[in-house]
Each structure stands twice: as structure tokens, then as C-alpha cells.
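Down below is the structure, laid out as C-alpha cells.
We count ligands from 1, going down the list as the structure has it; atoms in each ligand are counted the same way.
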Amino acid sequence: MTSRRELRRLPYPAELPRAKRSLGQNFLIDANIQRRIVDSLEPGPDDEVMEIGPGVGALTRHLAGRVRRLVLVELDNDLAARLRAEYAGEPSVELINRDVLDVELEEVTSDPAALKVIGNIPYNITTPILFSLLERRPRPREIVLMVQREVADRILEPEGSKTYGALAVGVRSVADAKRVLNVSREAFRPIPDVMSSVIRITPHQPPRLEPDEEMALRNLTRAAFGQRRKQFQRILRDAYRLSLEQTEEVQSGLGIDLRDRPETLSPESFIRLTRALTERGYAIAGTPPPAE
Ligand code: SAM
């Protein structure tokens with residue numbers, strides 16, 4: 001059996017397997033960045049961690065032996081077989097050879113609310129991964145993900161900025177989010193076309209909204225950013241079929257100017273507006289258009 005100390009020192013393979021583009025494979029070869037990403041999750045000896053898309057173990061080797069349980073979810077059969085062999089002697093490391101989007105957190109752990117999630121993930125499924133982790137209850141305790149830099153900007157930029165929209169509201173209405181570091185293209189093999197950033201997402205504990213209010217917030221966000229050039233007042237009148245008097249009554253006491261456009265409203269304002277609407281029993285009429 002490989003000792004914990006040896007596991008942590010497993011060398012990064014000198015020869016990488018041929019990357020499969022269809023699986024978004026860009027392997028992170030910079031050991032210093034690998035370590036910084038793992039450290040940003042603050043893994044401890046009592047933690048259960050799920051790693052999405054471990055590849056050839058760039059992050060895995062800094063995590064194995066450091067946490068109570070490490071569950072690797074890898075879709076690629078060849079890489080999964082390789083990881084299985086490499087960590088065969090380490091009972092704390094488990095492998096699920098499946099599409100992460102088909103894996104329920106309840107299959108990974110009996111306590112999803114305590115789970116920490118990490119991954120240098122395929123960029124083409126960043127949004128579905130994010131929402132599979134955040135549009136559920138309970139949400140994981142911590143999430144550290146490598147994403148395309150432009151996606152990190154869309155999540156983190158303040159309201160009023162050009163990139164602020166449905167993604168920022170979706171993430172920041174249920175979690176705190178921050179950038180851990182930017183990663184240059186040269187840190188990967190093969191070198192990707194886009195720049196990357198690592199973000200840390202900490203779901204609010206306890207959540208700020210009830211489950212039905214979260215659903216209402218998602219509908220409101222979709223309606224708002226489906227028509228982002230319209231004033232909020234207009235959106236409420238069109239999507240919720242509210243009269244001008246009703247929108248004014250909703251607005252009173254909220255401290256939000258509904259003549260503003262959606263992109264000027266903070267996630268906090270979206271939360272307060274959602275509460276004001278659901279308290280009065282106002283809901284979207286029909287299916288809102290997809291967000292821009
Ligand atoms: N973590 C490794 C690293 O940092 O070098 C690999 C990162 S690579 C960008 C993405 C990884 O996710 C690949 O290993 C790929 O096979 C895996 N992957 C792709 N689609 C997946 C899916 N739907 N579910 C689980 N893993 C997936």
C-alpha cells in the first residue's frame with residue numbers, strides 16, 4: 001500500500017495522454033498552480049471532497065491522503081482506469097467513472113451539505129455543472145472551480161457592468177463568490193485558446209430564500225435578462241401581468257427603483273424583489289423567455 005506521504009509526492013506524469021478535445025481535456029501542468037488551487041479549498045483531515053474531471057491527477061495528487069474521503073468523478077474510461085490503478089492502494093480515494101451531470105451528490109456522500117467540490121472542469125459544461133451544484137438543496141459547503149476567465153468575469157463583475165447578468169444573479173443570490181487566481185494559457189497542455197481563472201464559491205449557510213422563493217427568483221432572473229433593455233417596471237407588467245399600481249405598490253418600501261434596467265440591480269435587490277412578489281402571490285404568467 002502506498003503511504004500517505006508517498007501519495008502526496010506522486011510525480012506528475014512526464015508524458016501526458018493524448019488529449020480528447022470532445023472531453024475538454026487541457027491538463028494543468030504547473031505544480032505551483034495545482035497546489036494553490038487545492039489549498040484554496042482548505043482541505044482538512046475530516047473533509048469529504050468530490051473532484052470533478054481529475055484527468056491524470058493534477059489536483060488529485062495534492063488532495064489524496066489529505067482528506068478523509070476523496071471521490072473522483074471522471075468520464076473518460078482510459079483516464080478513469082489509470083486513476084483507479086494509481087490510487088488502488090489508497091482506500092480514502094474512490095472513483096466514479098461517469099458523467100458528473102448524471103451523478104447526484106447523494107450518491108457521492110451521505111452529507112452533501114458538508115461536501116467540498118473541486119475541479120478543473122471542461123469549459124463547455126461549466127454552466128450546467130454550476131447549476132447542478134447550486135440549483136439544489138442542500139448545496140455543497142465549498143466549491144472551487146477552474147473556469148474560463150470570461151465566465152469568472154460574468155459571475156464576479158458588479159451590477160451595472162457590461163457582463164453582469166443572469167449568471168451573476170444566479171450564483172451570487174445563493175453564494176459568495178470570489179476569484180482565487182488567474183491562470184495563463186501556458187499552464188496547460190495542450191495550450192487552450194482561452195484564459196482561465198479559479199473561483200471559489202461559498203453557498204450561503206443558511207440559505208437566504210425558501211426553496212419556492214429560489215424557484216421564483218430563477219423565473220424572475222430569466223424574465224429580467226430575457227429583456228434586459230427594458231425597465232423592470234415593464235418586465236413586471238409584461239411577465240407578471242401586473243398593473244402600474246401593483247408595480248408601484250411592490251416598489252414601495254423596497255428602496256429599488258423599478259424604472260431601472262435589470263443589469264443595474266444587485267443580487268441582493270433581486271432577492272428582496274422576489275420576496276416582495278412572492279409575499280403578494282405574484283408569479284410569472286407562462287414561461288419566461290431564455291435569458292440573454
Ligand atoms: N483535472 C485535470 C487537470 O487539471 O489537469 C483535467 C482537467 S481537463 C480540463 C477536464 C477533465 O474533465 C478531463 O479529465 C475530462 O476527461 C473530464 N471530463 C470531461 N467531461 C466530463 C464529464 N461530463 N464528467 C466528468 N468528467 C468529465
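- Taking CG of Leu79 as the start and CG of Leu72 as the end, the distance is 11.5 Å to the nearest 0.5 Å.
- Considering backbone and side-chain N/O atoms, Asp76 never comes within less than 3.5 Å of an N/O atom of ligand 1.
- Taking only non-hydrogen atoms, the option from Gly55, Gly53, Gly57 nearest to atom 1 (N) of ligand 1 is Gly53.
- Considering only non-hydrogen atoms, atom 3 (C) of ligand 1 lies nearest to Asn120 out of Asn77, Leu83, Asn120.
- A side-chain donor-acceptor contact under 3.5 Å links Ser92 and Glu90.
- Below 4.0 Å from some heavy atom of Asn26 lie the following atoms of ligand 1, by number and element: 7 (C), 8 (S), 9 (C).
- Ionic pairing of Glu48 and Arg141 is not present here: no N-O contact between side-chain nitrogen and carboxylate oxygen is shorter than 4.0 angstrom.
- Closest approach of Leu83 and Val56 over heavy atoms only: CD2-C, 4.3 Å.
- Heavy-atom contacts of Arg98 reach the following atoms of ligand 1: 24 (N), 25 (C) (cutoff under 4.0 Å).
- Given atom 9 (C) of ligand 1, the protein heavy atom at minimum distance is Gly24 O, 3.1 Å.
- Looking only at atom types and distance, the side chain of Glu51 has a donor-acceptor partner in the side chain of Thr60 under 3.5 Å away.
- For atom 24 (N) of ligand 1, the closest non-hydrogen atom of the protein is Val100 N, 3.0 Å.
- Salt bridge present: Glu106 and Arg136 bring a charged side-chain N and a carboxylate O closer than 4.0 Å.
- Ranking protein heavy atoms by distance to atom 14 (O) of ligand 1, first place goes to Glu74 OE1, 2.8 Å.
- Checked by atom type, the side-chain pair Arg61/Gln34 shows a donor-acceptor distance below 3.5 Å.
- Not a single heavy atom of Gln34 sits closer than 4.0 Å to an atom of ligand 1.
- When each atom of ligand 1 is checked for a heavy atom of Gln25 under 4.0 Å away, the hits are 8 (S), 13 (C), 15 (C), 16 (O).
- Neither side chain, Thr163 nor Asp153, offers a donor N or O lying under 3.5 Å from an acceptor on the other.
- Some N or O of Leu28 is nearer than 3.5 Å to an N or O of ligand 1, by distance alone.
- When the options Arg36, Arg200, Lys116 are evaluated for a salt bridge (charged side-chain N to carboxylate O under 4.0 Å, His left out) with Glu42, the one that passes is Arg200.
- For ligand 1, the atoms lying closer than 4.0 Å to a non-hydrogen atom of Ala58 are 3 (C), 4 (O), 5 (O).
- In terms of protein heavy-atom proximity, atom 23 (N) of ligand 1 is nearest to Asp99 OD1, 2.9 Å.
- Using a non-hydrogen distance threshold of 4.0 Å, Leu101 does not register as a contact of ligand 1.
- By the criterion of a heavy-atom distance under 4.0 Å, the side chain of Leu79, and not its backbone, is placed next to ligand 1.
- Short contacts between ligand 1 and Val73, defined as distances under 4.0 Å to a heavy atom of the residue, involve ligand atoms 25 (C), 26 (N).
- Nearest protein neighbour of atom 18 (N) of ligand 1, counting heavy atoms only, is Pro122 CG, 3.8 Å.
- For atom 27 (C) of ligand 1, the closest heavy atom belonging to the protein is Leu75 CB, 3.8 Å.
- Note on Asp78 versus Arg82: no salt bridge recorded, every NZ/NE/NH1/NH2 to OD/OE distance being 4.0 Å or above.
- Thr264 and Glu159 are not linked by any side-chain donor-acceptor pair at a separation below 3.5 angstrom, with hydrogens and angles left out of the test.
- Taking a cut-off of under 4.0 Å to the non-hydrogen atoms of Pro54, the atoms of ligand 1 that pass are 1 (N), 2 (C).
- Taking CD1 of Ile235 as the start and CZ of Arg237 as the end, the distance is 12.0 Å to the nearest 0.5 Å.
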